[in-house]
Protein chains: 2
Amino acid sequence: MADPKTRILNAARDIFLEGGADSVTMRAVAERVGVTATALYRHFENKEALVRAVMSSGFETFGGYLHRALRGRTPMERLRLSGQAYLDFALEQPELYRTIFMTPWRGVETKMDPQWNATFQFLVDRVRECIAAGELKKGEPADVAVTIWAHVHGLVSLYLVGACNFTEKTFRSAYRQSVDRLFEGLTK
Amino acid sequence: MADPKTRILNAARDIFLEGGADSVTMRAVAERVGVTATALYRHFENKEALVRAVMSSGFETFGGYLHRALRGRTPMERLRLSGQAYLDFALEQPELYRTIFMTPWRGVETKMDPQWNATFQFLVDRVRECIAAGELKKGEPADVAVTIWAHVHGLVSLYLVGACNFTEKTFRSAYRQSVDRLFEGLTK
DNA sequence: GTCTATAGGTGGATAGAC
DNA sequence: GTCTATCCACCTATAGAC
């Protein structure tokens with residue numbers, strides 16, 4: 001924690017989580033660390049580099065959530081846990097979720113593309129093994145994965161944008177119900 | 001068109017559609033109209049009022065798209081056309097779609113709430129008449145409506161955020177395919 | 001590594017003349 | 001209704017002393 005660069009990164013991440021991307025300014029980050037804004041430039045080339053570092057660490061956080069799903073013992077349980085992890089991440093880290101999944105990526109995309117692909121690939125793998133096990137209808141795993149991802153993302157993002165006047169608890173139940181409805185069509 | 005207020009509103013809307021909400025500044029709008037920034041304050045109390053007017057007109061545009069769906073002759077056709085209209089709006093007015101459906105509404109919500117509710121109610125009505133006609137499984141219309149809305153919104157917003165490397169054409173086909181998959185579970 | 005001083009930019013908003 | 005002049009707030013970033 002003595003490492004100045006780490007302290008800056010953590011401060012930037014905290015500010016980001018509290019107030020969104022716009023509230024991350026060199027001044028604000030510096031103030032929280034307890035230095036002046038110019039000091040930051042010793043550790044990050046410019047603001048964009050700092051924000052990129054914050055996002056990258058956020059993506060790793062997301063990856064950690066997803067990874068838990070691999071504890072499941074059967075393909076279907078791993079798929080179900082993936083949906084659970086996705087929901088948990090969205091509700092526990094809404095600002096991160098918003099930035100990763102609800103904001104157009106201008107300029108930064110090349111840097112983040114591998115992480116995006118890895119995420120999607122994870123879901124495709126979960127779907128593929130369910131199809132192989134005969135638990136899901138036959139079909140192109142990537143297509144089915146898009147359907148599932150879009151569905152859970154749609155639910156989550158409508159909730160986060162404030163479209164439904166749900167409390168978190170009622171939303172969790174609506175989420176489960178809606179995903180179940182989708183799976184009625186996907187299973188048989 | 002002689003009406004200065006209308007000219008200002010149109011200029012603001014154009015700038016908004018071209019560059020998103022952030023690019024709407026009093027200076028930029030004034031320049032396009034051909035006046036100075038201070039002149040705008042004769043017609044709009046402040047920037048927020050101007051942006052609110054832009055959003056409100058955007059919502060009416062969306063309403064126009066949806067309204068076309070009522071031309072359908074059967075409940076199911078009206079529901080199908082609603083999905084079509086939603087997709088058309090998203091692809092033809094992406095900046096508007098992003099703002100209405102993908103941006104958290106801080107402060108402005110009270111003003112827009114009625115329009116939000118009207119939109120959701122429209123979909124609930126389409127679902128209800130399909131259930132009544134026996135075309136959709138029995139269930140709470142509002143719940144089913146959320147499922148459908150979330151699904152199409154999820155597809156559209158993943159596309160708009162750049163998550164899938166689809167062209168518009170391949171996306172339209174993926175959209176149709178995914179919605180069909182959902183309806184396999186909803187119909188029977 | 002961090003500071004002070006400072007340059008240079010964008011944006012919202014008001015006062016008062018015309 | 002529109003202008004000029006102006007203020008204020010806030011931002012990124014650099015130069016050079018310590």
Side-chain angles (χ1 to χ4, degrees), chain A residues 1-58 95 98-99 103-109 111, chain B residues 1-58 95 98-99 103-112:
Chain A
M1 199 38 155
D3 181 13
K5 183 158 181 168
T6 306
R7 293 179 58 209
I8 292 169
L9 187 57
N10 287 343
R13 184 205 53 202
D14 292 347
I15 289 173
F16 171 81
L17 291 177
E18 290 164 18
D22 288 349
S23 62
V24 178
T25 69
M26 298 305 258
R27 285 163 150 79
V29 173
E31 190 186 3
R32 180 157 316 201
V33 174
V35 296
T36 58
T38 52
L40 307 189
Y41 289 87
R42 279 284 144 187
H43 308 280
F44 293 91
E45 193 189 342
N46 51 32
K47 185 188 166 176
E48 199 209 319
L50 175 55
V51 171
R52 218 185 312 131
V54 169
M55 302 266 284
S56 194
S57 97
E95 211 54 59
R98 251 191 271 275
T99 308
T103 308
W105 296 40
R106 314 180 181 171
V108 198
E109 61 251 38
K111 196 77 181 180
Chain B
M1 199 40 155
D3 182 14
K5 184 158 181 170
T6 305
R7 293 179 58 207
I8 293 169
L9 187 58
N10 287 342
R13 185 206 52 202
D14 291 348
I15 289 173
F16 172 81
L17 291 177
E18 289 163 19
D22 288 349
S23 61
V24 178
T25 68
M26 297 306 258
R27 286 167 154 82
V29 173
E31 190 186 3
R32 181 159 313 203
V33 174
V35 296
T36 59
T38 51
L40 306 189
Y41 289 87
R42 280 283 147 187
H43 307 282
F44 293 91
E45 193 188 343
N46 51 31
K47 185 189 168 177
E48 200 210 319
L50 175 56
V51 170
R52 219 184 312 130
V54 169
M55 302 267 284
S56 194
S57 95
E95 210 55 60
R98 250 192 272 276
T99 308
T103 309
W105 296 42
R106 314 181 180 169
V108 199
E109 60 251 39
T110 38
K111 194 77 183 182
M112 298 299 183

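Chain A is the first sequence line, chain B the second, and so forth, proteins listed ahead of strands; every chain is numbered from 1.
Straight-line distance from the CG atom of B:Leu40 to the C1' atom of D:dT2: 10 Å, rounded to whole Å. Counting to the nearest Å, the P atom of D:dG1 and the CD1 atom of B:Ile8 are 10 Å from each other. Between the CD atom of B:Glu31 and the P atom of C:dG11 there is a distance of 11 Å, rounded to whole Å. D:dG1 atom C1' lies 14 Å from atom NZ of B:Lys5, rounded to whole Å. What separates CG of B:Asp22 from C1' of C:dT10 is a distance of 12 Å, to the nearest Å.
Here the closest heavy-atom approach between residue B:Val33 and residue B:Arg7 is recorded as O-NH2, 3.3 Å.
Between A:Phe44 atom CZ and A:Met26 atom CE the span is 8.5 Å, to the nearest 0.5 Å. The line from NZ of B:Lys5 to CG of B:Asp3 is 8.0 Å long, rounded to the nearest 0.5 Å.
Between B:Leu9 and B:Arg13 there is no side-chain heavy-atom pair separated by less than 4.5 Å. You'll find the side chain of A:Leu40 reaches within 4.5 Å of the side chain of A:Val29, heavy atoms only.
When the side-chain nitrogen and oxygen atoms of B:Thr36 are compared with OP1 and OP2 of D:dT2, none of them lie within a distance under 4.0 Å.
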N/O to N/O distances under 3.5 Å, protein versus nucleotides 13-18 of chain C:
from, atom 1, to, atom 2, distance (Å)
C:dA13, OP2, B:Tyr41, OH, 3.1
C:dA13, OP2, B:Lys47, N, 3.1

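Listed by first and then second residue, the side-chain hydrogen bond (donor to acceptor under 3.5 Å, both in side chains) pairs involving residues 15-24 of chain B are B:Glu18-B:Arg32 (not counting sequence neighbours).
Contacts of B:Thr25 with the nucleic acid, taken as non-hydrogen atoms under 4.0 Å apart, involve only primed sugar atoms and P, OP1 or OP2.
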